[in-house]
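This report refers to the structure that appears directly beneath it.
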Amino acid sequence: DVWTYNTLVKGLCDEGKIDEAIRVRDEMESLKLIPDVVTYNTLIDGCFKWRGSTEGFRLLEEMKSRGGVEPNAVTHNIMVKWFGKEGKINEASDAVVKMVESGVSPDCFTYNTMINGFCKAGKLGEAFRMMDEMARKGLKPDICTLNTMLHTLCMEKKPEEAYELTVKARKRGYILDEVTYGTLIMGYFKGKQEDKALKLWEEMKKRGIVPSVVSYNPLIRGLCLSGKTDQAVDKLNELLEKGLVPDEVSCNIIIHGYCWEGMVDKAFQFHNKMVGNSFKPDIFTRNILLRGLCRVDMLEKAFKLFNSWISKQNSVDVVTYNTMISYLCKEGRLDEAFDLMTDMEVKKFEPDQYTYNAIVRALTHAGRTEEAEKFMSKLSETGQAVKTHDTSQELDASSDIMYSQQISDLCTQGKYKEAMKLFQESEQKGVSLNKYTYIKLMDGFLKRRKSISKVDHAN
DNA sequence: TTAGGGTTAG
């Protein structure tokens with residue numbers, strides 16, 4: 001029946017076999033089994049993932065015209081997700097507006113997707129506005145919302161604050177999961193607090209959470225970051241002993257660890273061993289190994305590998321090109337770097353800030369300042385120029401402190417509504433609040449959630 | 001049966 005076929009479609013989409021998945025849809029039609037909204041949602045999501053947005057939109061249209069199926073909340077959430085992933089946060093917001101217009105209410109999924117998008121785009125303020133809206137609509141922030149915010153804090157190297165938040169969250173009834181701990185572990189390693197990370201690993205197990213690759217990978221990555229790749233391998237073996245299967249990410253982490261320590265031979269040895277163990281090297285693996293070779297000055301060997309990949313479909317990307325270009329630049333082999341840049345453009349890979357940065361630095365170093373300036377302007381055209389301060393943000397620092405202080409105070413007094421109002425005002429003025437203020441606001445949201453739960457129970 | 005949080009490269 002339709003469910004059986006939908007399951008098949010999902011399986012094919014997961015493996016990236018979109019053409020086959022579409023053929024299954026056609027087969028359904030010929031058997032007079034009408035593809036439903038689930039069939040199309042699965043196909044649309046798969047298309048966005050493997051074929052990009054153009055194909056995704058085409059299928060969305062096809063769903064309405066050919067299938068006569070109307071988009072539901074899941075369809076809209078898929079759109080919001082992919083806009084967010086592409087960093088098109090405005091389009092994502094528009095998608096939510098469209099969703100409302102077509103009579104579908106944004107749900108917890110929608111909000112979490114948007115919040116994640118804003119966090120990834122570095123727009124923490126917008127993320128908080130979303131959380132506020134969510135609360136106003138009576139939707140409770142859940143463990144995914146919390147994990148998203150934790151991730152953002154950890155990326156900002158504030159693992160302590162993230163941890164404090166989880167302590168409070170647990171007191172308020174949140175059940176922390178493996179993702180929570182994996183995120184915190186990553187955060188502590190990032191903050192060079194290995195001991196705390198390891199303590200959390202134990203705490204997680206003590207609380208009855210059985211680790212899988214989801215939490216093993218951050219631990220393994222952390223050990224590699226601390227220059228303890230051999231210990232990381234021990235953890236990988238521990239994972240194997242438990243009957244768990246390391247994924248591509250786990251293997252790439254270890255390979256990167258060895259390369260980082262300059263042990264390229266060991267990296268290749270491990271790579272070869274794991275390939276025999278059903279590990280499928282991907283674009284990450286190739287880029288890691290390539291950079292590893294370049295770092296120890298084995299540029300010619302790197303070139304040999306690079307040339308062997310370049311003719312194959314999907315074997316290289318802009319990172320691969322940039323790796324070669326930047327090491328050529330370091331060696332002062334500018335002409336070859338330019339050749340590669342031309343080649344990448346022919347192959348439809350857009351040079352980005354890394355490409356231009358490498359070229360500009362090499363040109364400056366060679367005293368070719370005029371050419372360097374020409375590329376500088378190209379760099380700014382990419383819209384991802386080297387970090388310069390936005391002058392509009394350069395307000396008097398005292399107003400930052402003032403707003404932060406006042407918002408924190410209001411939170412302490414439990415006046416979250418007023419705190420939010422002031423927060424919105426600060427956003428409009430472009431004031432940057434300190435991290436502590438964000439913590440206080442988050443804490444406020446958790447408290448609000450608790451009071452909502454209480455009402456639920458009372459009802 | 002479909003959608004959200006985490007882990008990998010420059």
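Residue numbering restarts at 1 for every chain, and letters A, B, ... go by the order of the sequence lines. Just so you know, these numbers come straight off a predicted model, no measurement behind them.
- Taking atom CZ of A/Phe306 as the reference point, atom C1' of B/dA9 lies 15 Å away to the nearest angstrom.
- Between the C1' atom of B/dT2 and the CG atom of A/Leu8 lies a distance of 14 Å, rounded to the nearest Å.
- A heavy atom closer than 4.0 Å to some atom of DNA chain B occurs in A/Val74, A/Asn77, A/Ile78, A/Lys81, these being the qualifying members of residues 62-88 of chain A.
- Side-chain contact check for A/Arg286 versus A/Val316: every heavy-atom pair is 4.5 Å or farther apart.
- Electrostatic pairing of A/Asp339 and A/Arg333 does not count as a salt bridge here, judged by no charged N lying under 4.0 Å from a carboxylate O.
- Within the 4.0 angstrom heavy-atom criterion, only backbone atoms of the sugar-phosphate kind lie near A/Thr148; the bases stay farther away.
- Rounded to whole angstrom, the span from the CG atom of A/Asp107 across to the C1' atom of B/dT2 amounts to 13 Å.
- Judged as a ring pair (Phe, Tyr, Trp, His ring centres under 6.0 Å), and not counting sequence neighbours, A/Tyr111 has no contacts.
- Between A/Arg221 and B/dT8 there is a side-chain polar atom (N or O) within less than 4.0 angstrom of OP1 or OP2.
- Comparing B/dG5, B/dT8, B/dA9 by their nearest atom to the side chain of A/Asp317 picks out B/dA9.
- Taking atom CD1 on A/Ile253 and atom P on B/dT8, their separation rounds to 6 Å, with Å as the unit.
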Under 3.5 Å donor-acceptor pairs involving side-chain atoms of residues 69-76 of chain A, not counting sequence neighbours:
| residue | atom | partner | partner atom | Å |
| --- | --- | --- | --- | --- |
| A/Asn72 | OD1 | A/Asn41 | ND2 | 3.2 |
| A/Asn72 | OD1 | A/Val74 | N | 3.1 |
| A/Asn72 | OD1 | A/Thr75 | N | 3.1 |
| A/Asn72 | OD1 | A/Thr75 | OG1 | 2.9 |
| A/Thr75 | OG1 | A/Asn41 | OD1 | 2.7 |
| A/Thr75 | OG1 | A/Asn72 | N | 2.9 |
| A/Thr75 | OG1 | A/Asn72 | O | 3.3 |
| A/His76 | NE2 | A/Ser102 | OG | 3.4 |

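- One side chain, A/Asp247 or A/Ser250, offers a donor N or O that lies under 3.5 Å from an acceptor on the other.
- In this structure, A/Lys10 atom NZ and B/dT2 atom P are separated by 6 Å, rounded to whole Å.
- When distances run from any side-chain atom of A/Ile143 to the nucleotides B/dA9, B/dG5, B/dA3, the shortest one goes to B/dG5.
- Nucleic acid contact class of A/Lys49 (heavy atoms, under 4.0 Å, all strands): none.
- Between the C1' atom of B/dA9 and the CG atom of A/Leu225 lies a distance of 13 Å, rounded to the nearest Å.
- Side chains of A/Thr110 and A/Asp107: a donor on one and an acceptor on the other come within 3.5 Å.
- In this structure, the side-chain contact (heavy atoms from CB on, under 4.5 Å) partners of A/Arg291, at least two apart in sequence or on a different chain, are A/Trp260, A/Arg295, A/Thr323, A/Tyr327.
- Within the 4.0 Å cut-off from OP1 or OP2 of B/dG6, not a single side-chain nitrogen or oxygen of A/Lys190 is found.
- Close to B/dG5, at under 4.0 Å from its OP1 or OP2, lies a side-chain N or O of A/Asn116.
- Between A/Lys120 and A/Asn116, the side chains place a donor N or O and an acceptor N or O closer than 3.5 Å (distance only, hydrogens not considered).
- Annotation: proximity of residues 283-300 of chain A to DNA chain B (heavy atom, distance under 4.0 Å) is found for A/Phe284, A/Asn287, A/Ile288, A/Arg291, numbered in ascending order.
- A/Glu350 pairs by the side-chain contact (heavy atoms from CB on, under 4.5 Å) definition with nothing, not counting sequence neighbours.
- In the displayed structure, A/Lys192 atom NZ is contacted under 6.0 Å by at most 12 heavy atoms of other residues, nucleotides or ligands.
- With sequence neighbours left out, the side-chain contact (heavy atoms from CB on, under 4.5 Å) criterion links A/Lys347 to A/Ile310, A/Tyr321, A/Asp343, A/Phe349.
- If you check residues 31-45 of chain A against DNA chain B, the residues with a heavy atom closer than 4.0 Å are A/Val38, A/Asn41, A/Thr42, A/Asp45, listed by number.
- Within residues 259-282 of chain A, no residue is approached by DNA chain B to less than 4.0 Å at the level of any non-hydrogen atom.
- With sequence neighbours left out, A/Phe268 forms a ring pair (Phe, Tyr, Trp, His ring centres under 6.0 Å) with no residue at all.
- Within a heavy-atom distance below 4.0 Å of DNA chain B, the residues of residues 176-187 of chain A found are A/Asp177, A/Val179, A/Thr183, A/Met186.
- We find that CE of A/Met149 is positioned 15 Å from C1' of B/dG6, with the value rounded to whole Å.
- A close approach under 4.0 Å does occur between a side-chain nitrogen or oxygen of A/His151 and OP1 or OP2 of B/dG6.
- Nearest approach of A/Pro211 to A/Met204, heavy atoms of both residues: CB-CE, 3.6 Å.
- Look at A/Glu203 and A/Lys206 and you find no salt bridge, because none of the NZ, NE, NH1 or NH2 atoms lies under 4.0 Å from a carboxylate O.
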Start with the C-alpha gap between A/Thr320 and A/Ile283, add the side-chain angles, then the distance that decides, and say whether side chain to side chain contact (heavy atoms under 4.5 Å, CB included) holds. CA-CA 8 Å; A/Thr320 330; A/Ile283 189 75; 4.0 Å; yes
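- Ion pairing of A/Glu126 with A/Arg129 is present here, as a side-chain N (NZ or NE/NH1/NH2) and a carboxylate O approach within less than 4.0 Å.
- Screening residues 126-152 of chain A for ring-ring contact (aromatic ring centres under 6.0 Å, His included) gives A/Phe128-A/Tyr438 as the qualifying pairs, with residues at least two apart or on separate chains.
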